Amino acid sequence: MSSDSPSSSAADSTAAAPEVICVGESMGLVTALGAPLAETETAALGLAGAEGNVAVGLVAAGHTAAWASRLGDDPIGNRISTELARRGVDLWVTTDADAPTGVMFKDPGVESSSVYYYRRGSAASLMGPGFLDAAQLAGVRIVHTTGITPALSASCRAMVDQLFVDARAAGALVSFDVNDRRALWTMQDAAETLARLADAADIAFVGRDEAERIWGTATPAEIRAHLPHCGLLIVKDGDVGATAFRGDDEPVFVPAPLVDVVEPVGAGDAFASGFLAATLDGADLADRLSAGHAAAALVLTTHGDLPPLI
């Protein structure tokens with residue numbers, strides 16, 4: 001049996017609310033070592049999940065952040081919660097005895113890595129409207145989620161729609177990273193849902209390449225025209241740089257620093273965490289973009305989604 005709402009410090013009225021709440025799935029990550037996945041006899045076990053990554057990055061930058069999700073009552077779920085807690089993330093988690101924690105396998109390649117998801121029917125995919133509500137979000141400054149979450153299930157999609165409403169009712173900004181995962185849903189569903197949510201967000205992040213893939217928008221200006229209502233739109237263009245669009249102001253562009261890339265996985269989540277941390281600090285747009293680049297560079301120069309603890 002599972003409870004209907006997450007257990008957390010939010011249930012304690014005396015506890016201070018975290019500055020940011022990140023809502024989405026984290027999974028066990030199995031990475032083949034020394035040989036392709038079909039041949040290897042050794043592998044590393046870690047964790048992966050965009051929203052959890054952002055929460056970790058925010059804490060590393062000196063802010064308070066919580067991660068809200070559902071986990072199976074299993075060793076993988078225990079490993080995820082233990083690691084996020086070890087990194088200082090507050091856990092707003094429901095444990096489900098009847099549904100498993102999701103798992104993904106990574107098959108590293110020379111040019112790029114292939115990933116294989118085993119998350120259908122996972123505990124996190126069973127999130128639905130009411131998982132979090134406005135009362136639980138009281139005092140939170142930013143609510144962050146990604147386009148992965150509505151792709152998990154129809155109930156998750158409805159949950160994200162309600163989350164936008166409840167976050168605003170609680171006085172929080174809504175942050176949304178498009179983060180399209182092709183394997184999780186059809187192109188039509190992705191294009192329609194991701195555009196609707198990104199356009200409704202207070203802060204939205206999107207990669208120029210993924211925007212071109214799902215919407216056919218080839219330039220930052222075309223992406224802005226496709227998402228005209230987003231309060232603050234951040235278009236990331238890999239090693240070129242990132243552009244911020246806010247209202248009728250002139251776009252702000254900051255080039256990406258030169259980095260010797262070890263692995264690109266997790267860089268987008270790190271960028272979001274750096275940008276949001278600088279937003280909480282009251283930095284101007286150029287400095288926020290620079291903070292995003294700096295956080296991404298740290299992850300680009302390491303293996304795995306998360307930098308090592310120092």
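These numbers were taken from a predicted model, which means no experiment stands behind them.
Judged by distance alone, the side chain of Arg288 and the main-chain N or O of Ala283 form a donor-acceptor pair under 3.5 Å. Here the side chain of Arg70 pairs a donor or acceptor atom with the backbone of Ala123 at under 3.5 angstrom. Judged purely by atom type and a 3.5 angstrom limit, Asp107 uses its side chain to pair as donor or acceptor with the backbone of Leu37. Of the possible donor and acceptor atoms, one in the side chain of Trp67 sits under 3.5 Å from a partner among the backbone N and O of Gly24. Judged by distance alone, with hydrogens and angles left aside, the side-chain atoms of Gln136 form a donor-acceptor pair with the main-chain N or O of Asp133 at under 3.5 Å. Proximity of a side-chain donor or acceptor of Arg157 to a complementary backbone N or O of Thr193 within less than 3.5 Å is not detected. Within the 3.5 Å criterion, the main-chain N or O of Val23 finds a donor-acceptor partner in the side chain of Thr145. Between the side chain of Asp199 and the backbone N or O of His229 there is at least one donor-acceptor pair closer than 3.5 Å. At distances below 3.5 Å, at least one donor-acceptor pair connects side-chain atoms of Thr40 with backbone N or O atoms of Leu33. Under the 3.5 Å distance criterion, the side-chain polar atoms of Asp96 are matched with a main-chain donor or acceptor of Ala99.
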message = Does Val93 form a side-chain contact (heavy atoms from CB on, under 4.5 Å) with Ser81? I'd like the steps, not just the answer.
response = CA-CA 8 Å; Val93 173; Ser81 58; 5.6 Å; no

CA sep, side-chain torsions, deciding dist, call: Trp185, Asp180, side-chain contact (heavy atoms from CB on, under 4.5 Å) = CA-CA 9 Å; Trp185 50 357; Asp180 177 47; 3.4 Å; yes

request  = Check step by step if salt bridge (charged side-chain N to carboxylate O under 4.0 Å, His left out) holds for Arg196 and Glu192.
outcome  = CA-CA 6 Å; Arg196 176 173 59 80; Glu192 294 174 355; over 6 Å; no

request  = Begin from the C-alpha positions of Leu47 and Arg79 and carry the test side-chain contact (heavy atoms from CB on, under 4.5 Å) through to its verdict.
outcome  = CA-CA 8 Å; Leu47 66 152; Arg79 186 182 183 108; 5.8 Å; no

inquiry  = One pair to check against side-chain contact (heavy atoms from CB on, under 4.5 Å): Leu152 and Met159. What are the steps and the verdict?
reply    = CA-CA 11 Å; Leu152 296 177; Met159 184 272 291; over 6 Å; no

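More than 12 heavy atoms of other residues, nucleotides or ligands sit less than 6.0 Å from atom CG of Asn78.
Residues Val20 and Leu280 have side chains in contact (heavy-atom distance under 4.5 Å, counting atoms from C-beta outward). Within the 4.5 Å cutoff, side-chain heavy atoms of His293 are placed close to those of Phe271.
Under a hydrophobic clustering in which Ile, Leu, Val, Met, Phe, Trp and Tyr are joined whenever their side-chain heavy atoms come within less than 4.5 Å, directly or via other members, Ile223 and Met187 fall into the same cluster.
With rounding to the nearest 0.5 angstrom, the CG atom of Leu194 is 9.5 Å from the CG atom of Asn179. Here the straight-line distance linking atom CG of Leu232 with atom CD1 of Ile203 works out to 5.5 Å at 0.5 Å rounding. Rounding to the nearest 0.5 Å gives a distance of 4.0 Å between CG of Leu285 and CZ of Arg246. To the nearest 0.5 Å, atoms CD (Glu25) and SG (Cys156) are separated by 8.0 Å. Rounded to the nearest 0.5 Å, atoms CG (Asp177) and NZ (Lys236) are 4.5 Å apart. Between the OH atom in Tyr117 and the CG atom in Leu184 there is a gap of 6.0 Å [rounded to 0.5 Å].
A salt bridge is defined here as a Lys NZ or Arg NE, NH1 or NH2 lying under 4.0 Å from an Asp or Glu carboxylate O, and Glu83 with Arg87 meets this definition.
When each of Leu163, Val140, Asp166 is tested with Leu132 by the rule side chain to side chain contact (heavy atoms under 4.5 Å, CB included), just one qualifies, namely Leu163. Checking Thr243, Val235, Leu233 one by one against Arg224, the side chain to side chain contact (heavy atoms under 4.5 Å, CB included) holds for a single residue, Leu233. A side chain to side chain contact (heavy atoms under 4.5 Å, CB included) with Leu91 is found for exactly one of Leu71, Ile80, Thr82, Leu84, namely Leu84.
Looking at His63 and Asp281, their side chains do bring a donor and an acceptor atom within 3.5 Å of each other. Between Glu51 and Ser69, the side chains place no donor N or O within less than 3.5 Å of an acceptor N or O (distance only, hydrogens not considered).
Between Phe105 and Tyr118, the two ring planes are perpendicular [angle over 60°; tilted spans 30° to 60°].
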